[in-house]
There are 2 protein chains.
Amino acid sequence: MNASTKIDKDDRVQFSITELAEEFGVTSRTIRFYEDKGLVNPEREGTTRIYSRKDRGRLKIILRGRRLGFSLQDIKKMLDMYSPKGEPTGQLTFTLQKCEEQLEKLIAQRTDINEAISELEDGIAQLREHLASGDNVADGCKKTIA
Amino acid sequence: MNASTKIDKDDRVQFSITELAEEFGVTSRTIRFYEDKGLVNPEREGTTRIYSRKDRGRLKIILRGRRLGFSLQDIKKMLDMYSPKGEPTGQLTFTLQKCEEQLEKLIAQRTDINEAISELEDGIAQLREHLASGDNVADGCKKTIA
DNA sequence: AATATAGTTGACGTTTACGTAAACGTCAAC
DNA sequence: GTTGACGTTTACGTAAACGTCAACTATATT
């Protein structure tokens, strides 16, 4: 049980926690944390975690979900509703709904950020004026920004 | 000490905590919290906080700072460097620098958000396709979103 | 006086996504 | 037979910006 059980090289079937951690640019602590939260459930060899390709896939999904701003809770639900055998219709509509919600949130955020950016740009311009004119601001400037 | 000390109506000189809380749409607890953090320092009449117009101005600044995404710490520094008597030059350049930093952060955030939005829009489109075609997704869909 | 109203302090709770140490097991290599 | 790398569990810590609650106090009105 050595050369035969040992995996070849690149298209692995099993992965260690650190391998996946490195591959995805997170710490193993993070991956264990996801397990705590019920997002992954690797096999065990004794106590050591053994990750399958499927587990790896789930991790990929989790990480993308995070990038897209989903909470781990939402991601869990999406994954949970996926696993059953047959019709993933429920899961699909759920995911779709969550995606749409998130999309709206992001758009709202973008709006906010755009406003903040405008305000800041204006403020910066005014600050520069004051600094250039050596203005002895007494009480008027703070109204601009701070 | 009633009709004379009582403020007239609109261009007040003193404010209670709840007045300001309502005006700015925050709870009084929040305002006290800001005081804890050293952002405001209202007078006291006994134990009761009395906010001056200046305090109110500071609150305004604080709230705008929050909207612009500054941390309370940064806001505090901006405010702190303001109060001294003379040249607010130091404060101005500090504030300016912070503003520029924040502007960059916000722009970076906007970029991230825009990417996320694109990804989400794509994902949503694909989910819709699958749902429309009644696709019996086995393992391919989850690669899309979840 | 007693209730009502507003205000205060202090301390702990909340949320999210992990970090960080402690203390120990396991396995291969030297 | 020890070293070192990697792994495990348990559990408390962190950061930000408040919320919540309990127990008082102070003032005003009934």
Side-chain angles (χ1 to χ4, degrees), chain A residues 1-3 5-7 14-51 55 58-59 61-77 79 98 102 105 109 112, chain B residues 1-3 5-7 14-51 55 58-59 61-77 79 98 102 105 109 112:
Chain A
M1 46 156 141
N2 228 334
T5 51
K6 223 131 207 178
I7 36 282
Q14 293 193 345
F15 311 84
S16 79
I17 192 168
T18 33
E19 280 173 353
L20 292 184
E22 283 174 10
E23 176 176 353
F24 292 124
V26 298
T27 68
S28 40
R29 175 70 184 86
T30 297
I31 296 180
R32 278 185 226 111
F33 178 75
Y34 291 158
E35 188 176 343
D36 260 20
K37 296 291 165 179
L39 300 184
V40 231
N41 247 359
E43 307 268 308
R44 298 287 181 121
E45 225 181 76
T47 77
T48 300
R49 292 164 171 85
I50 306 289
Y51 294 84
D55 292 326
R58 291 176 75 94
L59 272 176
I61 293 170
I62 295 167
L63 272 293
R64 170 165 38 203
R66 294 280 313 125
R67 280 204 325 270
L68 295 182
F70 290 99
S71 72
L72 294 184
Q73 248 191 59
D74 279 352
I75 295 172
K76 177 175 162 52
K77 283 180 200 159
L79 289 168
K98 279 294 173 186
Q102 183 62 14
K105 277 188 207 168
Q109 273 187 42
D112 289 351
Chain B
M1 47 149 135
N2 226 335
T5 49
K6 222 134 210 174
I7 35 284
Q14 294 193 346
F15 310 84
S16 81
I17 193 168
T18 34
E19 280 172 353
L20 293 182
E22 282 174 12
E23 178 177 351
F24 292 124
V26 299
T27 69
S28 42
R29 181 68 185 81
T30 297
I31 297 181
R32 276 183 228 114
F33 178 75
Y34 291 158
E35 186 176 343
D36 261 20
K37 296 291 164 179
L39 300 185
V40 230
N41 247 357
E43 306 269 309
R44 298 290 182 117
E45 223 182 77
T47 75
T48 300
R49 293 163 171 85
I50 306 289
Y51 295 84
D55 292 326
R58 290 177 75 95
L59 272 176
I61 292 169
I62 295 168
L63 272 293
R64 172 169 33 207
R66 295 280 314 123
R67 282 204 324 270
L68 296 182
F70 290 100
S71 72
L72 294 185
Q73 248 190 61
D74 280 352
I75 296 172
K76 177 176 163 52
K77 282 181 201 156
L79 288 168
K98 279 294 172 185
Q102 183 62 13
K105 278 189 204 166
Q109 272 188 44
D112 289 350

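Residue numbering restarts at 1 for every chain, and letters A, B, ... go by the order of the sequence lines. Remember, it's a predicted structure, so these values are computed and weren't measured experimentally. Excluded from the calculations below are hydrogen atoms, water molecules and symmetry mates; all remaining heavy atoms, backbone and side chain alike, are included.
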Any chance you could lay out the side-chain contact (heavy atoms from CB on, under 4.5 Å) test for F33(A) and L39(A), step after step, and finish with the verdict? CA-CA 9 Å; F33(A) 178 75; L39(A) 300 184; over 6 Å; no

The reported gap from OH in Y34(B) to CG in L59(B) (rounded to nearest 0.5 angstrom) is 8.0 Å

Of all the choices, [options], which nucleotide is nearest to the side chain of [X] once you look at every atom?
| X | options | value |
| --- | --- | --- |
| R66(B) | dC18(D), dG7(D), dC18(C) | dC18(D) |
| F33(B) | dG7(C), dC18(D), dT8(D) | dC18(D) |
| R49(A) | dG7(D), dG19(C), dT9(D) | dT9(D) |

Is the distance from OP1 or OP2 of [N] to the nearest side-chain N or O of [X] less than 4.0 Å?
| X | N | result |
| --- | --- | --- |
| S71(B) | dA17(D) | no |
| T47(A) | dT26(C) | no |
| R29(A) | dG7(D) | no |
| S16(B) | dG7(C) | yes |
| T30(B) | dA17(D) | no |

Which nucleotide, if any, forms a Watson-Crick or G-U wobble pair with [N], using both distances under 3.5 Å?
| N | answer |
| --- | --- |
| dA11(D) | dT20(C) |
| dC30(C) | dG1(D) |
| dG25(C) | dC6(D) |

* Asked: If you measure from the Lys or Arg side-chain nitrogens to the Asp or Glu carboxylate oxygens, is any gap between R44(A) and E35(A) under 4.0 Å?
  -> yes

Review point. Checking all strands, does S28(B) fall into the base, sugar-phosphate, or nothing category for heavy-atom contacts under 4.0 angstrom?
Key: nothing

Rounded to whole Å, the OH-C1' distance (Y34(A) to dA17(C)) equals 7 Å

